[in-house]
2 protein chains.
Amino acid sequence: MFSKACEYGIRAAVYVALQSLEGRRVSVNEIAEEIDSPIAFTAKILQQLTRSKVIHSVKGPTGGFEIERTDMDTVKLSMIVHAIDGDDIYVGCGLGLKECNAKKPCPLHDKFVAIRTDLKKMLESTSLYELATGLEVGLTYLKR
Amino acid sequence: MFSKACEYGIRAAVYVALQSLEGRRVSVNEIAEEIDSPIAFTAKILQQLTRSKVIHSVKGPTGGFEIERTDMDTVKLSMIVHAIDGDDIYVGCGLGLKECNAKKPCPLHDKFVAIRTDLKKMLESTSLYELATGLEVGLTYLKR
DNA sequence: AAAATAAAGGACAATTTTATCCGAATTATA
DNA sequence: TATAATTCGGATAAAATTGTCCTTTATTTT
Ligand code: FES
Ligand code: FES
């Protein structure tokens, strides 16, 4: 469904949000440790998320990654997925035709679009805050 | 969503079904031409589909690939996806945890499972015959 | 029986994705 | 001002996926 990079990106963003709720700024090393992901690769992904304004970074000692409380509400999963995986998931054809096109649809078009629309709605309506709060109360996990 | 191999596999299977409805057995070359896919790679995928009994192959002159009319009803998309991409799409966690597990769910679990369940139902209820008939009447396309 | 046709299968090549490493830039603190 | 901590960015490496080529096997036709 999502690329590895995107999976790490979402987990990382949720962890940053969780820690920001506690007023803590976190380093790449801590993030990678807590979400169980490869450090250097995670660093690359955090750079992407920073460039696309999903999270905020601060260099130097005491630096790290953080996200404003208000941004946790406006940042939706769709922004993270778009920043990392692009819009393939939105415009691509399920059977791999050049593009999804209702005028000349592939045999799976209608059924595929129905599911993709649900996925899109879900991604566009789910905020980072929502995901972080589940973690906060111990209902959900970022690693096992 | 699906791998390239799986996309080619589904398109190929639908084309074989369409031609079998007309009583024609088709070669790898014709299939690759008609679904606009790389020939040798498509041949590999057709081997997988043959081994997993999705389609039937005949060697030698006048040989090629075909599928029985009755099998077009029993063969569902889920079988093709499973034969080529395995069961990742069914058991995998949306955020990349080792496995999807409701006892220790990732933050996206509930929302992800809802969509995955719909996808699963769709794949399990869509037959090759159903996809081939749309093509037959010129409503859908396998290439553009 | 020989020749021709088509799938099967193995080895290899190219591309993309995932992952690592290391030096440069930035900034707080001693 | 020097040092250390931290992100940034480029180069490179490893692994997985996608794609090609060529030989073998089965089968039909001559
Ligand atoms: S054309 Fe294939 S999904 Fe729309
Ligand atoms: S645990 Fe992540 S989707 Fe179920």
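In what follows, every chain begins at residue 1, and chains take the letters A, B, ... in the order their sequences are listed.
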Calculate the interatomic distance between B:Q47 atom CD and D:dG19 atom P; express it in whole Å.
16 Å
Side-chain N,O (A:S57) to OP1/OP2 (D:dT6) below 4.0 Å
no
Determine, using the 4.5 Å side-chain heavy-atom cutoff (strictly less than), whether B:I84 and B:V91 are members of one ILVMFWY cluster.
yes
Does B:Y8 have a side-chain nitrogen or oxygen under 4.0 Å from the phosphate oxygens OP1 or OP2 of D:dG19?
yes
Return the value, rounded to whole Å, for the distance between atom CZ of A:R51 and atom C1' of D:dG10.
12 Å
What closest approach, in Å, do B:S37 and B:T42 show between heavy atoms, and which atom pair accounts for it?
OG-OG1, 2.6 Å
What integer distance in Å separates A:H56:NE2 from D:dT6:P?
17 Å
Would you indicate whether B:E68, at its atom CD, is surrounded by more than 12 heavy atoms from other residues, nucleotides or ligands within a distance under 6.0 Å?
no
Categorize B:R25 for me: base, sugar-phosphate, or nothing, with a 4.0 angstrom heavy-atom threshold over every strand shown.
nothing
Rounded distance (Å) that lies between atom P of D:dT18 and atom CZ of B:R11:
13 Å
Taking atom P of D:dT6 as reference, at what distance in whole Å does atom CD of A:E33 sit?
15 Å
Any donor-acceptor N/O pair, B:T126 side chain to B:L123 backbone, under 3.5 Å
no
For B:I35 versus B:Y8, what's the shortest heavy-atom pair and its separation?
CD1-O, 3.7 Å
Quick one, give me the B/S/- string for nucleotides 20-30 of chain D, reading 5' to 3', where B means a protein heavy atom under 4.0 Å from the base and S means that only happens at the primed atoms, P, OP1 or OP2.
BB---BBBB--
For B:C6 versus B:F2, what's the shortest heavy-atom pair and its separation?
CB-CB, 3.9 Å
So, A:R25 and A:E66, do they make that salt bridge, N to O below 4.0 Å?
yes
Between P on D:dT18 and CD on B:Q48, what's the gap in Å once rounded to a whole number?
11 Å
Looking at B:E7 and A:L95, what are the two nearest heavy atoms and their distance?
CB-O, 3.6 Å
Chain B contact limits on DNA chain C, taken 5' to 3' with a cut-off of 4.0 angstrom to heavy atoms:
C:dA4 to C:dA11
With A:Y15, which of A:E30, A:E34, A:K143 fulfils side-chain hydrogen bond (donor to acceptor under 3.5 Å, both in side chains)?
A:E30
